[in-house]
Amino acid sequence: MSWTKHEFAADRRENANAVANFIRNNPHIEAFSSHTALLPIPVVENVVIFPIVFIRHPIDRLRSAYEFERRQNASTAGARLAKALDFAGYLRELLKTPRHRQIRNFQTFRLAYNESRHKCSELERATAAIESFPFVGLVERFDESLSKLETSLQRLFPNFRAQPFHRNAALSRQAALFDRLAEVSAMLGEELYGEICAANSDDLVIYEKVVTRFNSAGRHPW
């Protein structure tokens with residue numbers, strides 16, 4: 001399978017057009033990955049598009065984002081903030097900006113892009129998106145997700161085999177999710193941990209929906 005990486009414009013409208021044009025202009029590419037390709041899934045004539053989306057526990061995602069910002073050799077605002085503050089301070093600083101989506105239901109926000117803005121609440125639009133996708137993986141169950149992805153993609157590519165490859169994975173990620181969340185709770189204290197959970201309540205709903213489908217074997221293609 002021919003694969004490449006590509007990044008796109010940040011503006012939502014320009015982004016959607018750029019993704020569609022990239023697919024049209026590169027018919028030889030069978031797969032591509034991107035940090036900046038946004039939903040909705042583009043519609044391109046004579047092309048079947050199979051989105052590969054992974055969901056992560058939102059509190060674990062924030063811890064991972066903080067650790068990545070601290071490690072990376074960059075001078076972005078996020079990297080500078082993470083290097084200057086401990087995890088609790090980093091979160092408190094982000095919470096000061098009311099519309100900062102990096103810390104507030106980020107996954108719900110991005111998933112909702114797949115549906116019309118005039119269609120229900122953001123959470124309902126995000127739910128509709130994951131219901132419509134042919135596959136949704138769980139970061140915390142990565143190998144199992146790859147197995148499900150392989151089964152789904154073999155309908156289009158009969159010889160496709162998914163090979164696990166972990167990159168940017170910190171050693172702390174090797175602990176069980178329950179233990180990582182307990183560690184974060186102890187690190188932040190009850191009040192701040194509760195505030196962070198409240199700020200990501202929709203993401204927690206989305207995460208539990210995907211977990212439920214993972215645990216309901218045979219009831220959904222993924």
Side-chain angles (χ1 to χ4, degrees), residues 1-9 12 14-58 60-61 64 106-116 119 124-170 173-174 176-177 203 205-222:
M1 176 180 287
S2 55
W3 165 82
T4 190
K5 296 184 289 184
H6 196 79
E7 303 304 333
F8 300 92
R12 181 177 173 182
E14 291 180 12
N15 187 284
N17 291 333
V19 174
N21 287 333
F22 175 78
I23 294 171
R24 289 190 194 96
N25 296 333
N26 294 275
H28 59 290
I29 297 297
E30 294 176 299
F32 74 92
S33 61
S34 176
H35 290 94
T36 53
L38 302 178
L39 295 168
I41 300 168
V43 177
V44 179
E45 187 176 2
N46 298 322
V47 177
V48 176
I49 297 175
F50 188 104
I52 299 174
V53 175
F54 274 77
I55 299 298
R56 187 170 201 166
H57 190 286
D60 198 46
R61 186 193 71 81
S64 177
F106 176 77
Q107 295 173 107
T108 302
F109 171 60
R110 286 295 183 87
L111 287 167
Y113 279 7
N114 200 59
E115 309 295 321
S116 168
K119 180 181 177 181
E124 288 170 320
R125 285 182 280 131
T127 299
I130 62 171
E131 292 281 359
S132 69
F133 294 161
F135 166 83
V136 179
L138 282 171
V139 172
E140 293 83 2
R141 294 163 69 170
F142 186 70
D143 290 348
E144 184 182 351
S145 295
L146 287 190
S147 177
K148 292 177 181 294
L149 174 62
E150 183 176 277
T151 299
S152 297
L153 265 180
Q154 282 177 347
R155 299 164 191 164
L156 298 172
F157 299 94
N159 297 322
F160 175 77
R161 296 292 182 272
Q163 298 294 327
F165 179 77
H166 298 261
R167 189 172 183 178
N168 293 329
R173 302 294 96 195
Q174 295 176 5
L177 176 63
D203 268 15
V205 170
I206 291 294
Y207 177 78
E208 290 302 328
K209 285 180 181 294
V210 177
V211 170
T212 296
R213 295 189 183 281
F214 256 69
N215 294 337
S216 301
R219 294 179 58 187
H220 196 279
W222 45 266

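- Under the side-chain contact (heavy atoms from CB on, under 4.5 Å) rule, Ile130 has a single partner from Ile206, Val53, Asn114, which is Ile206.
- Under the ring pair (Phe, Tyr, Trp, His ring centres under 6.0 Å) criterion, Phe22 pairs with His6, Phe8, Phe32, sequence neighbours left out.
- Checked against the 6.0 Å centroid threshold, Phe50 and Phe133 do not count as a close aromatic pair.
- Under the 3.5 Å distance criterion, the side-chain polar atoms of Glu7 are matched with a main-chain donor or acceptor of His35.
- A cation-pi arrangement, defined by a distance under 6.0 Å to the six-membered ring centre and an angle within 45 degrees of its axis, is present between Lys148 and Phe214.
- A donor-acceptor pair shorter than 3.5 Å cannot be found between the side chains of Thr108 and Arg125.
- With Tyr207 as the fixed residue, the side-chain contact (heavy atoms from CB on, under 4.5 Å) test singles out one of Val211, Val210, Val205: Val211.
- Between the side chains of Arg24 and Asn46, no donor-acceptor pair is found at a separation under 3.5 Å.
- Between the CG atom of Leu111 and the CG atom of Leu38 there is a distance of 11.5 Å, given to the nearest 0.5 Å.
- Judged purely by atom type and a 3.5 angstrom limit, Thr151 uses its side chain to pair as donor or acceptor with the backbone of Ser147.
- Between Asn15 and Ala9 the shortest heavy-atom distance is ND2-O, 2.6 Å.
- Note that the CZ atom of Arg56 and the CD atom of Gln107 stand 9.0 Å from one another [nearest 0.5 Å].
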